[in-house]
Protein chains: 2
Amino acid sequence: MRVTIAEVARRARVSKTTVSRVLNNKADVDAATAVRVREVIAATGYIPSAGAVGLARGVTRTVGMLVPGVTWPWMGEVLQGVADVLEAKGYGLLLSTASRGADSLDGFSRRVSAKAFDGLLLVEPPDAVRHLRVLHDSGLPVVMIDDRGRRPAFPSVGTDNRRGGAAAARHLLDTGRTRLATVTGPHGFGCTSDRLNGFHDGVREAGLALDPRLIIEGDFTSESGEAAILQLLATGPEFDAVFAHNDLTAAGVLAGLRKAGRAVPEDVAVIGFDDVPLAAHTQPPLTTIHQPLREMGESAARQLLAQLAGAPPPEAPVIVPTSLVVRESTGAPRTAG
Amino acid sequence: MRVTIAEVARRARVSKTTVSRVLNNKADVDAATAVRVREVIAATGYIPSAGAVGLARGVTRTVGMLVPGVTWPWMGEVLQGVADVLEAKGYGLLLSTASRGADSLDGFSRRVSAKAFDGLLLVEPPDAVRHLRVLHDSGLPVVMIDDRGRRPAFPSVGTDNRRGGAAAARHLLDTGRTRLATVTGPHGFGCTSDRLNGFHDGVREAGLALDPRLIIEGDFTSESGEAAILQLLATGPEFDAVFAHNDLTAAGVLAGLRKAGRAVPEDVAVIGFDDVPLAAHTQPPLTTIHQPLREMGESAARQLLAQLAGAPPPEAPVIVPTSLVVRESTGAPRTAG
DNA sequence: CTGAAAGCGCTTACAG
DNA sequence: CTGAAAGCGCTTACAG
């Protein structure tokens, strides 16, 4: 039999009101009474029912999180960052997946309407979500986590794709490369243009320019990286470095270069973007631009909690900076004979 | 202003009882009345408050899930499997992480006591969890997902590590290898001994035996794989194949062989275990024993839901079989000169 | 410092 | 077929 506040009150010979007061550390409770109540609580192992407290107070101390899917290699880090700060503050995390399309969104918006959580974290939300009427109507605090660089419809945290691209260019230039190629992400993604523009920035700062024939569009798969390199090798101008817009593409680039008999980093340097677990285990290990995924998760969760506490939502997106992780796929070029 | 059942009742000119009845599709409601109520529900966009329903009914339609951490490479698949079946059935998923140690477990057991969910999924639970008094006291339905092969304290789903080990041996033998080495997981893990025993089984079935000097203990890191190979190469007997107890270790084995100038698969074949995303991108791509992680998640979730529906917990662990994924790290050996 | 009562938004016997 | 009332387990004015 579950012990309730009524049972605690009975045993401590006080009213439920008083028990509630000591539970919530309100002032104005006689010290001796409080001690007695606490003893009963400890003895019975009483924990207030989350549901009942929620109904009475109108809050759930639970945060919803909608993610496109949870198998993406970088999702784990984001999730862990979120979970860490939420748990530290005693909040629950109600996870929803948009992997089943419209059905998922239906179920999800039901939960919104059912007030199953106090606030919401949206990771790279499908466009449909931004138009969910319930979200706007409900006045639910929302924070978006998005590295796609779209104009946010909600307060958001992202990373600095443009500076990351610039850092990639600088690193290649600094290590003696001169003819830089790029395999981009899909056209139309904000992060693709940001990373590419940043790469341009970095090259331009050095007083150089990118050869447009060395910019190939990929689609974030390793296949696209390999195909791009093979094409470049067959028909393009010479190059001594490749910036791939994500690590998977970079892995494909490495595979393509290997097939063609080009040594990395001696003949060609390769740099990726993301720093997923894979990056440390390619051959050679991949230099890459680290996305601060865990920090983004933490930051988003903290912001949401602040809003729940009454803080106004920040008007500008919060940006967590990228960083350069140097491994072995970049390094000194083969000394010209 | 949120619309409540009282508001719906008022607008439809019936009692809350009747609204509740049509909401829950009870029989014995006049057809015309039901239509009227449904119209009001549609017009107002009314959704019952999850908290209120939960309090009245005593269930939350939410399942808790405790995981050791969410950044492990194979966690995503398990989570996705769980999420898919839970969402399809309209259940919520309340995710908890044990990554902050005792603190996490405290917060977690509070939620158990607070009846924040109807049932619980435990992934490779820390030993502390199995002794949580609340779990036993609360009578909460629990299903464990564990590939560590420990004797389960709860109904559980696992995979067949032993058969997986045997399949690895068979594959190596079938492709012409004769001197098989192994880099195991840490001593004391149930899965380590299962995979090793299975490997023995496979070798024995062929009428052969394992050379004990070719069995090296690793710790599931790529470093341990590389170190093991280097040691074997330096001081051990000859070998032409390596079975690593997980893919990360196998990646280390590949790195060690490369440093030593041994070609894979020509000189040495390598097979891993798990089939994490990394496995498809090592050089060469890794043949491995696939763990059915997503299916394990699905199966566990389905079982838990069945228990919530009143089914008795299965007495024996449910086993989802592994499968062999052949890539390029195994294949024909160099023809003996 | 303390308690009786109303209320949070539902469901469920019970009575008609 | 329908509704008034009690109950789920808390919190919170309000009164003393």
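Just so we're on the same page: letters track the sequence lines, and every chain starts at 1. Just the heavy atoms: all of them, side chains too, but no hydrogens, waters or symmetry mates, feed the values below. Because the structure is predicted, anything quoted here is derived from the model rather than measured.
Nearer the 5' end of DNA chain D, as judged by each residue's closest nucleotide, is the contact made by B:Ala31, out of B:Ala31 and A:Pro48. A residue-by-residue look at B:Asn24 and A:Ala27 shows that A:Ala27 has its nearest nucleotide of DNA chain C further toward the 5' end.
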Test log, rule side chain to side chain donor-acceptor pair (under 3.5 Å), inputs B:Gln80 and A:Ser99:
CA-CA 9 Å; B:Gln80 189 71 59; A:Ser99 60; 3.1 Å; yes
Using the rule given for salt bridge (charged side-chain N to carboxylate O under 4.0 Å, His left out), can you reason through B:Arg10 versus B:Glu7, listing the C-alpha separation, both sets of side-chain angles and the distance that settles it, and then say yes or no? CA-CA 5 Å; B:Arg10 197 182 60 68; B:Glu7 172 70 6; 3.2 Å; yes
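Between B:Ser20 and C:dT11 there is a side-chain N or O to OP1 or OP2 distance below 4.0 Å.
In this structure, B:Lys115 places its NZ atom 13 Å from C1' of D:dG9, rounding to the nearest Å. Whole-Å rounding puts the A:Arg57 CZ to D:dT12 P distance at 6 Å. Rounded to an integer number of Å, the gap from NZ of A:Lys16 to P of C:dA6 is 12 Å. Going from atom CZ of B:Arg61 over to atom P of D:dC8 covers 23 Å, rounded to whole Å. For B:Lys26 and C:dC14, the NZ to P distance is 15 Å, given to the nearest whole Å. A straight line from CG of A:Asp28 to P of C:dG3 spans 14 Å, rounded to a whole angstrom. Rounded to whole Å, atom C1' of D:dC8 lies 4 Å from atom CG of B:Leu55. Rounded to an integer number of Å, the gap from CD1 of B:Ile5 to P of D:dA5 is 17 Å.
With a cut-off of 3.5 Å on both Watson-Crick or G-U wobble distances, the partner of D:dA13 is given as none. C:dA4 is unpaired under the Watson-Crick or G-U wobble criterion, no partner having all donor-acceptor distances under 3.5 Å.
Listed candidates were D:dG9, D:dC1, D:dC10. Nearest to the side chain of B:Thr33 is D:dC1. When distances run from any side-chain atom of A:Ala52 to the nucleotides C:dA4, D:dT2, D:dG9, the shortest one goes to D:dG9. Residue A:Val29 has its side chain nearest to C:dT2 when only C:dT2, C:dT11, D:dC10 are considered. Among C:dC10, C:dT2, C:dC8, the nucleotide with an atom closest to any side-chain atom of B:Arg2 is C:dC10. Relative to the side chain of B:Thr18, the nucleotides D:dT2, D:dT11, C:dC10 differ in distance, and D:dT2 lies closest. Considering only side-chain atoms of A:Ser49, the nucleotide from C:dT2, D:dG9, D:dC1 that sits closest is D:dG9. Of the candidates D:dT11, C:dC10, D:dC1, the closest approach to any side-chain atom of B:Asp30 belongs to D:dC1.
In terms of modelled atom types and a separation under 3.5 Å, the side chain of A:Ser20 and the main chain of A:Lys16 share no donor-acceptor contact.
Evaluation of atom-type donor-acceptor distances gives a pair under 3.5 Å for the side chain of B:Arg21 against the base of D:dG3.
The aromatic rings of B:Phe220 and B:Phe189 sit perpendicular, their planes meeting at an angle over 60°, well past the 30° parallel limit.
Taking a 6.0 Å sphere around CZ of A:Arg100, one finds it holds more than 12 heavy atoms contributed by other residues, nucleotides or ligands.
Contacts of A:Thr17 with the nucleic acid, taken as non-hydrogen atoms under 4.0 Å apart, include base atoms.
Of the inter-residue distances, the one linking A:Leu304 atom CG with A:Met144 atom CE reads 14.0 Å to the nearest 0.5 angstrom.
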